[in-house]
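By convention here, the first residue in the shown sequence is residue 1. Bear in mind the structure is a predicted one, so any value in this text is a computation, not a measurement.
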Amino acid sequence: MSPTHTEVTATPAGLEPCGHENHPDCGIRDVLDRIGDKWSVLVIVELAGGPRRFRELQRAIDGISQRMLTLTVRRLERDGLVLRTVYPTVPTRVDYRLTETGVSLTHLVKALADWSLTHRTVIAEARHQYDRTHPDHDVR
């Protein structure tokens with residue numbers, strides 16, 4: 001395939017396009033959207049170390065707002081990756097921990113985090129080089 005290739009590959013007969021509710025991979029996109037967003041990944045990384053209270057999570061995840069953390073843990077709870085436990089104390093104590101499904105994801109998230117740390121310098125240099133040679137393309 002050349003860089004100027006413009007031919008569009010047709011969807012196989014009888015198969016709906018990816019993203020359509022009848023496509024066999026439509027659930028994959030939904031799951032990847034959740035576990036692929038940066039806040040979910042960072043929450044999972046933090047909870048891999050054990051249960052955390054809300055404020056502990058917020059302090060540990062640089063730059064996350066209270067609202068974004070609330071939305072993120074709710075979404076992860078809804079997806080069955082995080083368990084929220086409310087303790088009947090005064091004041092009420094709440095903690096978050098990974099479910100069995102969430103724990104099964106941690107080795108993948110850790111591998112991605114490790115890869116990111118290992119390659120961040122190379123990626124930063126590639127971006128710098130690209131931006132120098134393509135000054136009129138804003139890809140941020």
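For residues 80-123, the ring-ring contact (aromatic ring centres under 6.0 Å, His included) pairs, not counting sequence neighbours, are Trp115-His119. Pairs of residues two or more places apart, or lying in two chains, that qualify as salt bridge (charged side-chain N to carboxylate O under 4.0 Å, His left out) and include a residue from residues 101-110 are Lys110-Asp114.
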| field | Leu98 and Leu83: CA distance, side-chain angles, deciding distance, side-chain contact (heavy atoms from CB on, under 4.5 Å) verdict | value | CA-CA 6 Å; Leu98 293 175; Leu83 177 64; over 6 Å; no
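Listed by chain and residue number, Asp95 satisfy the salt bridge (Lys or Arg N to Asp or Glu O under 4.0 Å) test with Arg97 (two or more places apart in sequence, or in another chain). The side-chain hydrogen bond (donor to acceptor under 3.5 Å, both in side chains) check on Glu100 picks up nothing, with sequence neighbours excluded. When the side chain to side chain contact (heavy atoms under 4.5 Å, CB included) test is applied to Thr101, the partners found at least two apart in sequence or on another chain are Leu81, Thr99, Ser104. With sequence neighbours excluded, no residue forms a ring-ring contact (aromatic ring centres under 6.0 Å, His included) with His128. Every residue two or more places apart in sequence or in another chain that forms a side chain to side chain contact (heavy atoms under 4.5 Å, CB included) with Thr92 is listed here: Val86, Val94. Every side chain to side chain contact (heavy atoms under 4.5 Å, CB included) that Val41 has, sequence neighbours left out, goes to Val45, Val109. Every residue two or more places apart in sequence or in another chain was checked for a side chain to side chain contact (heavy atoms under 4.5 Å, CB included) with Val122, and none qualifies. Contacts of Lys38 classified as salt bridge (Lys or Arg N to Asp or Glu O under 4.0 Å), with partners at least two apart in sequence or in another chain: none.
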Enumerate, atom names and distances included, each donor-acceptor pair closer than 3.5 Å involving a side-chain atom of residues 52-64, sequence neighbours excluded.
residue	atom	partner	partner atom	Å
Arg52	NH1	Gly50	O	3.3
Arg55	NH1	Gln58	OE1	2.5
Glu56	OE1	Arg53	N	2.7

What side-chain donor-acceptor pairs closer than 3.5 Å can you find for residues 72-80, not counting sequence neighbours?
residue	atom	partner	partner atom	Å
Thr72	OG1	Met68	O	2.7
Asp79	OD2	Arg34	NE	2.6

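Annotation: the span from Gln129 atom CD to His134 atom NE2 amounts to 9.5 Å, rounded to 0.5 Å.
Put simply, Leu69 and Leu71 are part of two different groups of oily side chains (I, L, V, M, F, W, Y) that touch within less than 4.5 Å, one to the next. Put simply, Leu108 and Leu112 are part of two different groups of oily side chains (I, L, V, M, F, W, Y) that touch within less than 4.5 Å, one to the next.
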